[in-house]
Asker: 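Take this structure, written in structure tokens, and hold onto it; I'll ask about it next.
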There are 2 protein chains.
Amino acid sequence: MVPEKTIERLSLYRRILLQVRAEGAAMIFSHQLAAMARVNAAQVRRDIMQLGCVGVPNGGYDAGDLLDSIDEFLYPPTFQKVALVGVGNLGRALLAHFAGRWRRLSVRAAFDKDPAKVGREFSGCPCHAVEALPRVVSELGISIGIIATPAAQAENVAELLCDAGVRGLLNFAPVRLPGPTHVYIENVDLTSALDKVAFFARQCEREALASGAGGTR
Amino acid sequence: MVPEKTIERLSLYRRILLQVRAEGAAMIFSHQLAAMARVNAAQVRRDIMQLGCVGVPNGGYDAGDLLDSIDEFLYPPTFQKVALVGVGNLGRALLAHFAGRWRRLSVRAAFDKDPAKVGREFSGCPCHAVEALPRVVSELGISIGIIATPAAQAENVAELLCDAGVRGLLNFAPVRLPGPTHVYIENVDLTSALDKVAFFARQCEREALASGAGGTR
DNA sequence: GGGTGTGAACGGATTCACAGCA
DNA sequence: TGCTGTGAATCCGTTCACACCC
């Protein structure tokens, strides 16, 4: 119903608005927000339409109202809990990144199969054994899983999480997880991302050379 | 010219083919590859079209040939060098993730402003002071930059990298970097990604409840 | 028959363009 | 006048459908 990209951008607008408000601006125009988010102004207005309108035809948007509307639209009325599986380098980085960043979204449990990690806390989040996953996830009512395990374990872990009642997965393992259940799955493929940048960087290089202005900048 | 998504998928097909080959299969059909990559078979064939054909009308694709074609298409003839800026939790995780993973793509330098990190190695990659960035990047001929700094520094760092002659940026800082130069920019927004999963997870929840089969699974 | 390569149809997201309003 | 809200047009990626070949 709501385009996925719109949700991503609303999350971005929200961060921009927090900053804008901190700087004391009360009103903001779609074209200003667009410039800061590097998108088209019509795009911004269309995204905001999804919230139900809050703009004034000539005065722009009230930054505070807009922020509130986005919060209400994007975040749950009640708390939404997250679990992370795979407390390796990437897992720890994600725990640190996501710790205490959201009002109504929080990482409550981590899981790893390494006994040396079980029982410790990472960025304030207790680490359990993978065996305890089904119990902990359903007891805490966790609804979102983050997968940061190696590729080999990812599919297994995904199944465990889904069976335990999770409704969304954010997968960082370099495999595409299947989707057709009643679980929303987002795959973040770091390897593909770097390959893509490398490919198009060469393309840019070639274009720059072709159009004459080669070399540094 | 070539769709971005196609490049991402080719990177994925490549990994799948490596595994397929390791398991000893010589030939593979588009629908098999499609099943493993969780995409449509026509999609696979169309992506492969970009490579120039390698399929046999009824026999499928030779896994080895296909792999070679993808490598040739995706990777540079000569080495392509990468730098990473911001050796925090996320930066170190990315260094570990990308270390020695590609044949013709390698992370050669890291940068941080923390003096305690400068001079050390992380996953085999030497860490320099940010002040040395322009010199090191141009001396080594680095063409790709990975930004893993906090949001506040990201824009500055991006400019430094671009001025030093980089042609592609992979940005993990939670800001959208501008694009109109001759530099390809890919923004990976972890915050948006989690917000999106949370949003659609709730949506899935609601649908599941509405369609009757509520509760676990 | 069954699979590849590809024109054509489809669909979703972005952008344009303008009506309506402060 | 200048911005919002939004129908209409456009663009791009995906999927369908089929001609062609082993």
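Everything quoted here is computed from the prediction, not taken from an experiment. Just so you know, these numbers use all the heavy atoms, side chains as well, and skip hydrogens, waters and symmetry mates.
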Asker: Select from A/Val39 and A/Asn58 the residue whose nearest nucleotide in DNA chain C is closer to the 5' end of that strand.
Answerer: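 Nearest-nucleotide comparison on DNA chain C picks A/Val39.
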
Asker: Describe the nucleic acid contact of B/Ser30 in one word from base, sugar-phosphate, nothing, applying a heavy-atom distance below 4.0 Å.
Answerer: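 Sugar-phosphate, no base atom in range.
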
Asker: Starting at the 5' end of DNA chain C and moving along, which residue's nearest nucleotide shows up first, A/Val56 or A/Asn40?
Answerer: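 The residue mapped nearer the 5' terminus is A/Asn40.
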
Asker: Please determine if B/Arg45 forms a cation-pi arrangement with B/Tyr61, meaning its NZ or CZ atom is less than 6.0 Å from the six-membered ring centre and no more than 45° off the ring axis.
Answerer: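 No - B/Arg45 does not lie over the ring of B/Tyr61 by the 6.0 Å and 45° rule.
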
Asker: What's the verdict on side chain to side chain donor-acceptor pair (under 3.5 Å) for A/Glu4 and A/Tyr184, showing C-alpha distance, side-chain angles and the deciding distance?
Answerer: CA-CA 11 Å; A/Glu4 303 200 1; A/Tyr184 180 84; 2.9 Å; yes

Asker: If you compare every side-chain N and O of A/Gln43 against the phosphate oxygens of C/dA13 (OP1, OP2), does one of them come in below 4.0 Å?
Answerer: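 No, A/Gln43 has no side-chain N/O under 4.0 Å of OP1/OP2 on C/dA13.
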
Asker: Have a look at A/Leu67 and tell me which of A/Asp62, A/Leu17, A/Ile16 forms a side-chain contact (heavy atoms from CB on, under 4.5 Å) with it.
Answerer: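 Among A/Asp62, A/Leu17, A/Ile16, the one that satisfies the side-chain contact (heavy atoms from CB on, under 4.5 Å) with A/Leu67 is A/Leu17.
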
Asker: Taking the six-membered ring for Trp and the full ring for Phe, Tyr or His, determine whether the centres of B/Phe73 and A/Phe199 are under 6.0 Å apart.
Answerer: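 Judged by ring-centre distance (under 6.0 Å), B/Phe73 and A/Phe199 do meet the cut-off.
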
Asker: For the side chain of B/Arg46, counting heavy atoms from C-beta on, which of C/dA13, C/dT14, C/dA8 is nearest?
Answerer: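 Nearest listed nucleotide: C/dA8.
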
Asker: Of all nucleotides in DNA chain D that come within under 4.0 Å of a heavy atom of chain A, which is furthest toward the 5' end and which toward the 3' end?
Answerer: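 Here the contact window of chain A covers D/dG2 to D/dA8.
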
Asker: Which part of the nucleic acid, if any, lies within contact of B/Gly59, taking any heavy atom under 4.0 Å across all strands shown: a base, the sugar-phosphate backbone alone, or nothing?
Answerer: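 Nothing, no heavy atom under 4.0 Å.
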
Asker: What residues, two or more places apart in sequence or in another chain, satisfy salt bridge (Lys or Arg N to Asp or Glu O under 4.0 Å) together with B/Asp195?
Answerer: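 None.
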
Asker: Between B/Arg45 and A/Val54, name the one whose nearest nucleotide on DNA chain D is closer to the 5' end.
Answerer: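 Comparing both residues, the 5'-ward one is A/Val54.
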
